[in-house]
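Written below as structure tokens is the structure these notes are about.
Small disclaimer: the values here were computed from a predicted structure and weren't measured.
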Amino acid sequence: MDLATLEKQYTLSTEIKVKWGEMDAFQHLNNTVYIRYIEDGRIDLLERLGMTDDIKAYNIGPVLASIQCDYLAQVTYPDTIIVFSNLTQTGPKKVQFEHKLWSTQQQCLVAQGTGLGVYYDFTALKSCIIPEVIATKLAAL
């Protein structure tokens with residue numbers, strides 16, 4: 001997979017500069033940092049789609065129920081990672097996040113991950129149906 005293909009296939013890209021302090025004792029990016037980069041992509045995507053506005057306005061929004069990451073290549077400082085993110089509604093209450101992490105230094109994929117989000121009512125403290133306005137935005141993706 002190349003960069004041009006990722007840019008066409010994914011809704012959003014988020015650039016993140018690798019920091020020196022994110023490396024571990026083996027002098028490569030610590031495994032937990034990939035998950036934080038995925039989180040940055042996920043939050044950027046939710047903000048772009050207006051889902052974070054729902055949390056503020058209606059006290060409902062997606063919560064992460066699970067996450068998975070495959071590590072494909074080591075990353076070292078200095079580098080810039082581009083996190084490509086997509087979101088698909090998979091049920092009346094569920095969304096699936098998909099992420100690919102591209103190293104600009106290595107010019108290749110270094111990780112890929114998925115996450116399951118469940119729409120949640122923070123007042124009632126239980127899952128809820130995805131609002132139609134959000135479902136329409138997701139269908140358009």
Checklist entry - Would you say the side-chain atoms of Q107 pair up with the backbone N or O of T104, donor to acceptor, closer than 3.5 Å? => result yes

| query | Is a side-chain donor-acceptor pair under 3.5 Å present for S85 with H99? | reply | yes

Donor-acceptor side-chain pairing of T52 and E47 below 3.5 angstrom: no

Please check if the side chain of R48 supplies one atom and the backbone of T11 the other of a donor-acceptor pair under 3.5 Å. yes

Rounded to the nearest 0.5 angstrom, the CD-OG1 distance for Q27 and T76 is 9.0 Å

Between L64 and G115 the two heavy atoms that sit nearest each other are CD1-CA, 4.2 Å

Same cluster or not: are V33 and V110 linked, directly or through other Ile, Leu, Val, Met, Phe, Trp or Tyr residues, by side-chain heavy atoms under 4.5 angstrom apart? yes

Query raised in the report: Any donor and acceptor pair, going by atom type alone, linking the side chain of D79 with main-chain N or O of Q105 inside 3.5 Å?
Result: yes

Closest non-hydrogen contact found for L6 with L109 is CD1-CD2, 3.8 Å

Check whether more than 12 heavy atoms from other residues, nucleotides or ligands sit under 6.0 Å from atom NZ of K17, and answer yes or no. no

What one should report as the nearest heavy-atom pair of N31 and Y71 is O-OH, 3.2 Å

### Message
Is it the case that the side chain of Q106 and the backbone of Q74 share a donor-acceptor pair, with hydrogens and angles ignored and the cut-off at 3.5 Å?
### Response
yes

Next item on the list: Look at atom NZ of K137 and say whether more than 12 heavy atoms of other residues, nucleotides or ligands are closer to it than 6.0 Å.
Entry: yes

Between I60 and P131, the two heavy atoms sitting closest are CD1-CG, 3.5 Å

Strictly distance-based, threshold 3.5 Å: is any side-chain N or O of S13 a donor or acceptor partner for the main-chain N or O of I82?
no

* Would you say the side-chain atoms of N59 and T123 include a donor-acceptor pair closer than 3.5 Å? -> yes

Heavy atoms of M51 and Y119 approach each other most closely as CE-CE1, 3.5 Å

Residue F122 excluded, over 12 heavy atoms near CZ under 6.0 Å
yes

Correct closest heavy-atom pair for C69 and Y34 would be SG-CB, 4.2 Å

